[in-house]
There are 2 protein chains.
Amino acid sequence: MNDLDPSTSLGATLYKEVARRMLAALSAGEWKPGEAIPAEKKLSERFAVSIGTLRKAIDELVAENILIRHQGRGTYVATHNREQQLFRFFNIVRQDGVRTYPTVELVGFGHAKADKRVADKLAISRNAKVVHYTNVLTLNGEPVIVDEIYLPAAMFAGLTEQMLRERPNTLYNLYQTGFGMNVIRIDERLRGNLASVPHAALLGCAPGAPLLEMHRVALSFNQQPIEYRVSSVNTANYEYFAAGSQ
Amino acid sequence: MNDLDPSTSLGATLYKEVARRMLAALSAGEWKPGEAIPAEKKLSERFAVSIGTLRKAIDELVAENILIRHQGRGTYVATHNREQQLFRFFNIVRQDGVRTYPTVELVGFGHAKADKRVADKLAISRNAKVVHYTNVLTLNGEPVIVDEIYLPAAMFAGLTEQMLRERPNTLYNLYQTGFGMNVIRIDERLRGNLASVPHAALLGCAPGAPLLEMHRVALSFNQQPIEYRVSSVNTANYEYFAAGSQ
DNA sequence: TTACATTTGTTCGTATGTATA
DNA sequence: TTATACATACGAACAAATGTA
């Protein structure tokens with residue numbers, strides 16, 4: 001035991017300190033999504049640690065899905081535009097187990113002030129400006145999900161309805177390439193609920209039909225909330241697959 | 001490319017082969033839940049690999065929650081009776097985020113034949129004998145969950161209603177200590193549904209109230225299904241927290 | 001096709017630090 | 001204090017995958 005202030009000392013262990021410094025470089029935009037970071041050898045020299053220690057630091061970031069390794073090629077900053085990555089956060093599958101990807105239709109767009117719930121979820125002050133838009137997701141020709149999506153307007157200055165309509169890729173890719181907002185992790189909570197009249201109309205089911213209601217907060221590097229989304233899922237033929245529960 | 005059958009070769013890498021052999025030892029009962037396995041040094045001698053390779057093998061089993069490391073003490077086989085482990089699979093939390101643990105009441109017990117759905121989930125033949133029992137879980141004095149639980153009778157010979165009532169610990173601990181069945185992983189699928197009349201009575205809600213319906217298969221070492229459980233959750237004040245979704 | 005350079009992956013061994021009993 | 005066990009850090013050698021000349 002010593003009486004140094006631990007907050008001023010290094011991050012407990014060397015490899016964690018290296019991981020922290022690499023995260024800082026990522027956060028500062030030194031290495032951009034889709035690009036390769038320098039080779040392990042070079043990084044070990046830069047941070048003045050052994051190759052093993054550097055690899056352990058990278059291990060941590062790979063485990064968090066921030067970096068992706070490719071033997072023989074290099075280590076890359078994760079993006080949201082690879083097929084494999086595209087729907088990392090899309091957990092709705094058909095009840096027979098078949099996994100298909102949705103087509104998205106924007107059915108509502110506007111600005112609003114954060115109410116208590118949205119302000120809490122986005123960690124912004126009440127009445128702060130938010131962008132609010134609505135998507136309908138169709139699977140195999142059947143509308144299955146209605147997404148009510150809220151963004152902190154301050155972080156998404158210049159976002160237009162057209163950008164959402166014409167994005168060539170996923171929403172999270174648009175956030176990443178258009179606004180520098182990287183979704184690293186999501187926090188998801190689920191409830192049962194009954195279909196409201198407008199949602200029933202969008203989903204083609206009866207008002208009062210049972211739905212799965214998903215509350216999702218998308219988080220960036222420092223647990224910074226980027227997006228709050230309420231998804232209403234018609235689980236007549238589909239279901240939520242809790243992928244991570246091992 | 002060569003034309004050797006890869007299934008006849010070793011497990012690709014040495015550390016994975018060691019992990020496989022350790023899993024075999026666990027599966028064979030050589031190391032029992034709650035016990036410490038031999039020290040890394042001894043194991044590295046036993047498997048004739050370096051300490052680093054052995055540690056990497058253990059890393060794999062720790063990541064799967066099969067082993068638990070304690071610096072200075074040893075590496076232990078995971079059990080379902082530690083506070084921390086107790087509710088590893090219990091993902092229902094109060095909407096304000098407070099996490100409390102349920103009290104369980106057995107309200108139904110009997111034997112039945114597997115219908116198509118249960119046979120599929122448990123990977124047994126249709127009409128095979130199953131144990132079917134029903135629990136009501138109470139959180140903070142309020143009944144919140146009804147569990148309909150199905151076990152393959154062949155794997156749980158001698159299981160009685162009294163054993164379920166008088167178990168000093170969790171169900172999964174009873175499976176482990178009483179029948180040698182270790183729950184390693186669960187597969188969970190979620191839907192919205194309406195409360196049936198009997199479930200509404202047990203939960204103290206109106207028939208037709210919206211519920212979260214959870215279909216869970218508990219799996220053992222070789223993806224062997226051990227238990228199928230349908231949980232009906234009243235999410236008026238509680239919600240499902242998708243812990244693993246990162 | 002072949003050869004080669006580059007990059008990550010695996011395995012080894014050693015030394016030292018930290019936690020536990 | 002001492003012994004034991006896991007954790008961290010170092011560096012070296014070789015294997016495997018990739019891309020290119």
Side-chain angles (χ1 to χ4, degrees), chain A residues 1-4 6 9-22 25-26 31 34-79 82 84, chain B residues 1-4 6 9-22 25-26 31 34-78 82-84:
Chain A
M1 280 256 263
N2 65 44
D3 40 11
L4 292 174
S9 74
L10 301 179
T13 61
L14 190 48
Y15 76 87
K16 282 187 179 168
E17 174 62 15
V18 172
R20 199 194 57 68
R21 288 175 66 185
M22 291 184 67
L26 286 161
W31 305 318
E35 290 177 2
I37 66 173
E40 294 176 348
K41 185 77 172 29
K42 297 215 165 176
L43 288 172
S44 74
E45 286 161 8
R46 163 164 168 182
F47 294 116
V49 297
S50 75
I51 192 86
T53 300
L54 184 104
R55 279 184 62 81
K56 201 159 179 185
I58 292 183
D59 283 345
E60 296 244 308
L61 302 183
V62 168
E64 294 174 64
N65 295 303
I66 294 169
L67 297 178
I68 302 173
R69 287 205 240 237
H70 295 285
Q71 185 174 359
R73 280 204 279 147
T75 302
Y76 292 76
V77 184
T79 67
R82 296 156 196 275
Q84 157 209 20
Chain B
M1 279 257 259
N2 64 45
D3 40 13
L4 290 174
S9 74
L10 299 179
T13 61
L14 189 50
Y15 75 87
K16 282 185 180 168
E17 174 63 15
V18 172
R20 199 195 55 70
R21 288 175 67 185
M22 290 184 68
L26 286 161
W31 306 317
E35 291 178 0
I37 66 174
E40 294 177 348
K41 184 79 171 30
K42 297 216 167 179
L43 288 172
S44 74
E45 287 161 9
R46 162 164 168 181
F47 294 115
V49 295
S50 75
I51 192 91
T53 300
L54 185 105
R55 277 184 63 80
K56 206 162 176 184
I58 292 182
D59 283 345
E60 296 246 306
L61 303 183
V62 168
E64 295 175 63
N65 295 301
I66 294 170
L67 297 178
I68 301 171
R69 286 206 242 239
H70 295 285
Q71 186 175 0
R73 280 204 280 148
T75 302
Y76 292 76
V77 184
R82 296 157 194 278
E83 235 320 300
Q84 157 207 20

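Lettering of chains follows the sequences in order, A, B, ..., and the numbering in each one begins at 1. Hydrogens, waters and symmetry mates play no part in the numbers below; they use all other heavy atoms, side chains included.
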*asked:* OP1 or OP2 of C:dG9 versus the side-chain N and O atoms of B:T13: is any pair under 4.0 Å?
replied: no

*Has A:K56 got a side-chain N or O lying under 4.0 Å from the OP1 or OP2 atom of D:dA9?*
no

Between [N] ([atom2]) and [X] ([atom1]): distance, integer Å:
| X | N | atom1 | atom2 | value |
| --- | --- | --- | --- | --- |
| A:E60 | D:dA9 | CD | P | 11 Å |
| B:R73 | C:dA19 | CZ | C1' | 10 Å |
| A:Y15 | C:dG17 | OH | P | 17 Å |
| A:I58 | D:dA9 | CD1 | C1' | 16 Å |
| B:L67 | D:dC6 | CG | P | 11 Å |
| B:K16 | D:dA15 | NZ | P | 19 Å |
| A:E17 | D:dT8 | CD | P | 15 Å |

Of the non-hydrogen atoms in [X] and [Y], which two are nearest, and what is the gap between them?
| X | Y | answer |
| --- | --- | --- |
| B:A57 | B:Y15 | CB-O, 3.4 Å |
| B:V77 | B:L67 | CA-CD2, 3.9 Å |
| B:M22 | B:L61 | CB-CD1, 3.8 Å |
| B:W31 | B:R46 | CZ2-NH1, 3.6 Å |
| B:I58 | B:E40 | CD1-CG, 4.1 Å |

*Where along residues 34-55 of chain A does a heavy atom fall under 4.0 Å from DNA chain D?*
A:V49, A:S50, A:T53

*Which nucleotide, C:dT18, C:dT11, D:dC10, lies nearest any side-chain atom of A:L14?*
D:dC10

*Under the salt bridge (charged side-chain N to carboxylate O under 4.0 Å, His left out) criterion, do A:K42 and A:E45 qualify, and how do the steps go?*
CA-CA 5 Å; A:K42 297 215 165 176; A:E45 286 161 8; over 6 Å; no

